[in-house]
Amino acid sequence: MSEKLSDRYNPADVEGRTYAWWEKEGYFKAQDQSTKPPFSIILPPPNVTGFLHMGHALDHTVQDMLIRWKRMNGFNTMWLPGTDHAGIATQSVVEKDLKKSGVTRHELGREKFVEKIWDWKHQYGDRIYSQMRRLGDSCDWDRAVFTLDESASKAVRKVFVSLHQKGMIYRGKRLVNWSGPLETAISDLEVEHQTVKGSLYHISYPLEDGSESLVVATTRPETMLGDTALCVHPEDPRYKALIGKNVVIPLINRKIKIIADTYVDKDFGSGVVKITPAHDFNDYKIGVTHNLEFINLLTKKAEMNENAGPYKGLKVQEARKRVLEDLKNGNFLIKEEPHIHSVGHCSRSGAVVEPFLSEQWFVKMDQLATPAKRVVESGTIRFEPESWTKVYLHWLNNIEDWCISRQLWWGHRIPVWYCGDCEHQTVSETDITACEKCGSTKLRQDEDVLDTWFSSALWPFSTMGWPNESETLKTFYPTSYLVTGHDIIFFWVARMIMMGLEFQRDVPFRTVYVHGLIRDSQGRKMSKSLGNSIDPVDMIEKYGTDALRFSFAAHLFSGKDFKFNEQRIEGYRNFMNKIWNAARFALSNLSDFNTPAEGTAALPNKAHVSVFDQWIITKLEQVTKEVETAMEAERFSDAATALYQFIWNQFCDWYIEFTKPIMNGSNHEEKAATQMVIAQVLNRMMRLLHPFAPFISEEIYQKLPIRGAACIVDQYPNLRNDKDFLSLGSEQAALEIDVVKEVITAIRNIRGENRISPAVKINVRLGVNNDHVQKLLGNNRTALMTMGRIENLEVGADGDLMKCAVAPVVIGDASVNVIIPLEGLVDFDEEIKRITKTIEKLQKDISMLTAKLSNEKFIANADEDVVAADRVLLSQSKVQIDSLRDALVRLQ
RNA sequence: AGGGAGUUAGCUCAGUUGGUAGAGCGCCACCCUUACAAGGUGGACGUCGCAGGUUCGAAUCCUGUACUCCCUACCA
């Protein structure tokens, strides 16, 4: 107890040491079998070679808060960490690094390249975990999983094979989004649409017989090389007669037919659309319905291929330029007008996405989507905030099959082998050496890997040992919460629900807590490319983990995005310091505290408990209740704010000040009782605080005279488990202290407004209206004198009021005139100003209340309580304004 | 184009069944009062985007409207 604490809270001294200790003690560990109720969260696996960013910090804060809160509430908590191989992201980073040494991955070869990525993973794979430790994440590290671990890979193969057997996975030549630089297909979700200023080119297509020409508007003229039809609306009078005739594609003189489809909008452009089935999604659909030829113009690198004739080898942009020039020279280009449209870009490489016809693997979505919709509609899975339900369902209602193959080397390789002899496809959970049909050993495994989100979709059960029937799975599946930002509801949440239902016959989680995204000061998304991202570790180093976490907790209102505000973190850093100093001071008052023996009730002697003690216990009861209600309703910011206010505005601002005279006084019994209350309130404060500010709460807790082994595993206070202590509070005491606080505030107000220096002690008279109030104030003489900085205090009748400042305080039936003689202290102008200001305000209130209360309809319709409260307010205001008017007259 | 969200004090944001607008930061004044200047005390500041409507009473409910943002989809 004699240990000296520094006068500033220094997070760096505390955090690393405390975290290591928790870990060593095994406090984060979950039990596969336990009598405690289970509570589990699976961490959304970050990119294994990535950095922690603000989004993670927020996301993890929510999860750790829940986990710590539930742990302290007696749950068998499991927070299961893991990392993701992040196919495209990781491969492109390593590829870029490789390029520095002038080697491409193709030159290196698949095997060597993948080895290189593993090296990379081993080098950086722990970085994210050590950053998570700095955040204070209390996850069960023994259970950490990587998506390419053997166990997770087993699950992936099992699911693939099973879905394939059920006919839900198929291979097909389809139009997919293609990223040229990455040379791979990407999913719809990996395409970002950006508004781009382009041009609409009007190109003339002559009829075969040369009689006339049709004008077609397009934003991508180079794709005309792959046109296999022109299309008009069947009811368009301008073109009706031409349907079925042929036109000639300019420049390459290939004949194509004019077809009709209601897809065409007669009113847009010329009403004629060129159809390039191999390079446009809408055209593709028309190509399929009308049985058109599909001409692919591109190579995998998104360069023009041999089908582009003279334009072969050119990049798309160059080909466009050349085609336009040639069209102009041949008088085929009718006009060019500016056109704003949106263009898909690859979210990884930033390149324009090209629709590209290729052989890919797909998962059928209809069968998976239906149950996934149902569980949300029925409320088995709840979104918080609820508004995401609609977004989720809307997406599932419009879902397309999921392209799961990627032309990458880093990831789960597709478990399909092609026989070189009989061409049979063997789909297998284990690697095979012979064709299952003909036994040939001339086998070639599919070159592609699976979309990263395929393995992520299995995460809630693949991390728990599945396909084995593990105890973990039995205990912790379904998990309790899934915490995430709204950016990956489709990518991830929806797919986990589908796979969970398909393979576990149960939802993967009960509640999806969707938090907002953190944006920069201008409201933009934080990203590396914009250079506006902020490193949470920098913030931790500057302000401490608890300050960062508390700023998130206090900001978690309704799932809305919010702008990053460093000053807010600074504010909570100050709060942590305030807590530190309050605890430091309180502990210094406990140096002679008689620590009760373990197992005893450790309650203060009721006979000696002061009114201040009773009051703070009542306040503690209130905050305990508020926090419990807020946490249960997932209103984390309400809980954090309630604690903030209790600690700063009640405990620090008033309680500590009230107890100072007792601590320095000579009443030993009273002092002992207050010491006990201080020790117990501190203990509860730290426990309440723990999920929000784990480090400082544990650090202070460990220095308390009354405590358990560790704050992290102590009980979370609530009204039921803390009944004995809380019953020492008193509403009566609370009312009494309210009067005392108001009187002190009134004194301070007069001092402040009249600029009476704190160094000057003043004389104060308190005019009271009844004996009860007189007694009450007399009992609290010391507090009033100390906190009001009073030389002489009289309590009684108003007495001589000449040249006095007056502040009427009215609470309930208590009415107190705070009277301060000003003669010789200050001139009266300031006080006249102050009183005049107050009178004006009161006048406004009175006329408003009078009008309201004389309105018959208000009396008739409003709640009785409301009317009564207004009546009280009116009469109180009248009492106050009368005293002030008298005072004003005397001063003038 | 469809869907969703937002608009409250200089800034970042609260405001849960409609009942005289709140916090933190910033600002002004006075204070190093023996826990804390990362502090204390006092103070100033908002016709709650705009226009209607319902109501005794609207930031809150309804209608319309402006602006901002996000998502989904895309007209070549």
Side-chain angles (χ1 to χ4, degrees), chain A residues 5 7-9 188 193 200 216-220 223 231 263-265 267-276 280-283 339 341-342 344 385 387-388 390-391 394-395 398 486-487 489-490 517 519 521 523-525 543 547 551 554-555 557-568 570-589 633 635 637-638 641 644-645 652-653 656-657 660 745 748-759 786-787 789 834 837 844-845 848-849 852 855-863 865-867 869-870 873:
Chain A
L5 299 180
D7 64 356
R8 281 204 182 171
Y9 173 56
D188 295 348
H193 291 273
L200 197 56
V216 173
T218 180
T219 52
R220 297 166 60 209
T223 62
C231 191
Y263 151 78
V264 177
D265 178 356
D267 300 326
F268 186 88
S270 60
V272 185
V273 186
K274 59 192 270 312
I275 305 297
T276 322
D280 182 282
F281 287 98
N282 289 311
D283 294 6
H339 182 67
H341 60 136
S342 82
S387 57
W388 292 109
K390 263 193 215 165
V391 178
H394 180 262
W395 186 71
N398 297 286
H486 55 72
D487 50 343
I489 290 179
F490 304 142
L517 269 29
R519 302 183 172 276
S521 57
R524 298 174 304 177
K525 216 167 168 173
Y543 303 109
S551 80
H555 230 319
F557 291 107
S558 48
K560 277 188 297 195
D561 292 359
F562 60 91
K563 292 178 193 157
F564 176 77
N565 189 213
E566 185 169 340
Q567 283 175 326
R568 221 165 149 138
E570 195 182 340
Y572 291 116
R573 186 273 315 263
N574 295 351
F575 177 49
M576 295 308 145
N577 195 47
K578 186 80 181 176
I579 295 169
W580 183 255
N581 277 298
R584 189 161 66 94
F585 179 71
L587 287 171
S588 75
N589 281 319
R635 298 189 57 98
S637 54
D638 285 359
T641 312
Y644 181 97
Q645 282 169 354
C652 294
D653 288 350
I656 285 185
E657 296 304 323
K660 279 178 183 172
T745 302
R748 285 170 171 173
N749 176 274
I750 292 171
R751 296 189 68 122
E753 295 277 283
N754 286 293
R755 299 207 180 80
I756 299 170
S757 159
T786 318
M787 295 172 76
R789 305 194 65 74
R834 187 188 70 87
K837 199 171 67 183
K844 254 194 199 163
D845 289 354
M848 198 276 291
L849 288 165
K852 217 167 151 186
N855 180 341
E856 285 170 27
K857 287 184 174 170
F858 171 68
I859 306 289
N861 292 320
D863 277 356
D865 301 355
V866 174
V867 178
D870 279 351
L873 208 55

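Protein chains get the first letters and strands the later ones, always in sequence-line order, with residue 1 at the start of each.
- Considering only side-chain atoms of A:P758, the nucleotide from B:A76, B:C13, B:U33 that sits closest is B:U33.
- B:A58 and B:U72 have their P atoms separated by 41 Å, with the value rounded to a whole Å.
- B:A9 and B:G49 are spaced 15 Å apart, taking the C1' atom of each and rounding to whole Å.
- B:A38 atom C1' lies 5 Å from atom CZ of A:R573, rounded to whole Å.
- Look at A:R8 and you'll find a side-chain N or O under 4.0 angstrom from OP1 or OP2 of B:A38.
- Protein atom CG of A:D870 is 8 Å distant from nucleotide atom C1' of B:U20, rounded to whole Å.
- Rounded to the nearest Å, the gap between the P atom of B:C11 and that of B:A38 is 26 Å.
- Taking atom P on both nucleotides, B:G19 is separated from B:G10 by 24 Å, rounded to a whole Å.
- In this structure, CZ on A:F564 lies 15.0 Å from CZ on A:R519, to the nearest 0.5 angstrom.
- Closest approach to the A:N749 side chain among B:G42, B:G19, B:G4 is made by B:G42 (side chain taken as heavy atoms from C-beta onward).
- Nearest-nucleotide mapping onto RNA chain B: of A:L849 and A:W395, the residue sitting toward the 5' end is A:L849.
- Distances shown here put a side-chain N or O of A:K578 below 4.0 Å from the OP1 or OP2 atom of B:G40.
- Nearest-nucleotide assignment on RNA chain B puts the 5′-proximal partner with A:A759, out of A:A759 and A:E657.
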Q: Kindly express the pairing pattern of RNA chain B in dot-bracket notation, using | wherever a base pairs with another strand and counting only Watson-Crick or G-U pairs under 3.5 Å.
A: (((((((..((((.....[..)))).(((((.......))))).....(((((..]....))))))))))))....
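- Rounded to whole Å, the distance from CZ on A:R635 to P on B:A23 is 18 Å.
- To the nearest whole angstrom, the two C1' atoms, one in B:A21 and one in B:G57, are 15 Å apart.
- Rounded to an integer number of Å, the gap from CG of A:N565 to P of B:A14 is 12 Å.
- Side-chain proximity of A:K837 to B:C36, B:C56, B:G43: nearest is B:G43.
- Applying the side chain to side chain donor-acceptor pair (under 3.5 Å) criterion to A:E570, with sequence neighbours excluded, gives no partner residue.
- A:S588 comes within 4.0 angstrom of nothing in the nucleic acid, heavy atoms only.
- Taking all atoms of both residues into account, the shortest heavy-atom contact from A:L200 to A:T219 is CD1-CG2, 3.8 Å.
- Comparing B:A35, B:A14, B:U20 by their nearest atom to the side chain of A:K560 picks out B:A14.
- Nucleotides B:U8 and B:A59, compared at atom C1', are 7 Å apart to the nearest Å.
- As rounded to the nearest Å, B:C48 and B:U60 have P atoms that lie 9 Å from one another.
- The phosphate of B:U33 has neither OP1 nor OP2 within less than 4.0 Å of any side-chain N or O from A:K660.
- Atom CD in A:E570 sits roughly 19 Å away from atom P in B:C11 (whole-Å rounding).
- With B:U20, B:U72, B:C36 as the candidates, the nucleotide lying closest to the side chain of A:N581 is B:C36.
- In this entry the distance linking CZ of A:F564 with C1' of B:G24 reads 15 Å, nearest Å.
- Ring planes of A:W580 and A:Y9: tilted class, angle from 30 to 60°.
- The side chain of A:R789 places no N or O atom within less than 4.0 Å of a non-bridging phosphate oxygen (OP1 or OP2) of B:G42.
- A:E566 places a side-chain heavy atom less than 4.5 Å from the side chain of A:Y543.
- Atom CZ of A:R751 and atom C1' of B:G40 are 13 Å apart (whole Å).
- To the nearest 0.5 Å, atoms NZ (A:K525) and CG (A:L517) are separated by 6.0 Å.
- Using a 4.5 Å heavy-atom threshold, the side chains of A:D870 and A:F858 count as touching.
- Note: CZ (A:F585) to C1' (B:G40) measures 14 Å, nearest angstrom.
- Contacts of A:F562 with the nucleic acid, taken as non-hydrogen atoms under 4.0 Å apart, involve only primed sugar atoms and P, OP1 or OP2.
- For A:V273, the side-chain atoms get nearest to B:A76 when compared with the rest of B:C56, B:A76, B:G43.
- Phosphate contact (OP1/OP2 of B:A73, side-chain N/O of A:N398, threshold under 4.0 Å): absent.
- A donor N or O paired with an acceptor N or O is not found under 3.5 Å between the base of B:A29 and the side-chain atoms of A:R755.
- OP1 and OP2 of B:C69 both lie 4.0 Å or more from every side-chain N or O belonging to A:K563.
- A heavy-atom distance below 4.5 Å is found between the side chains of A:D561 and A:H486.
- Contact annotation for A:S387: no contact, since no heavy-atom pair falls under 4.0 Å across all strands.
- For B:G4, one of the phosphate oxygens OP1 or OP2 lies less than 4.0 angstrom from a side-chain nitrogen or oxygen of A:K390.
- Two residues are said to be in side-chain contact when any heavy atoms from C-beta on lie closer than 4.5 Å; A:R220 and A:D280 meet this criterion.
- The side-chain tip of A:K660 points at the ring of A:F585 from less than 6.0 angstrom away and within 45° of straight on.
- The side chain of A:L873 lies closest to B:U20, out of B:C70, B:C36, B:U20.
- Rounded to whole Å, the separation between the P atoms of B:U33 and B:G24 comes to 24 Å.
- Residue contacts for A:N855: at a heavy-atom cut-off of 4.0 Å it reaches the sugar-phosphate backbone alone, with no base atom in range.
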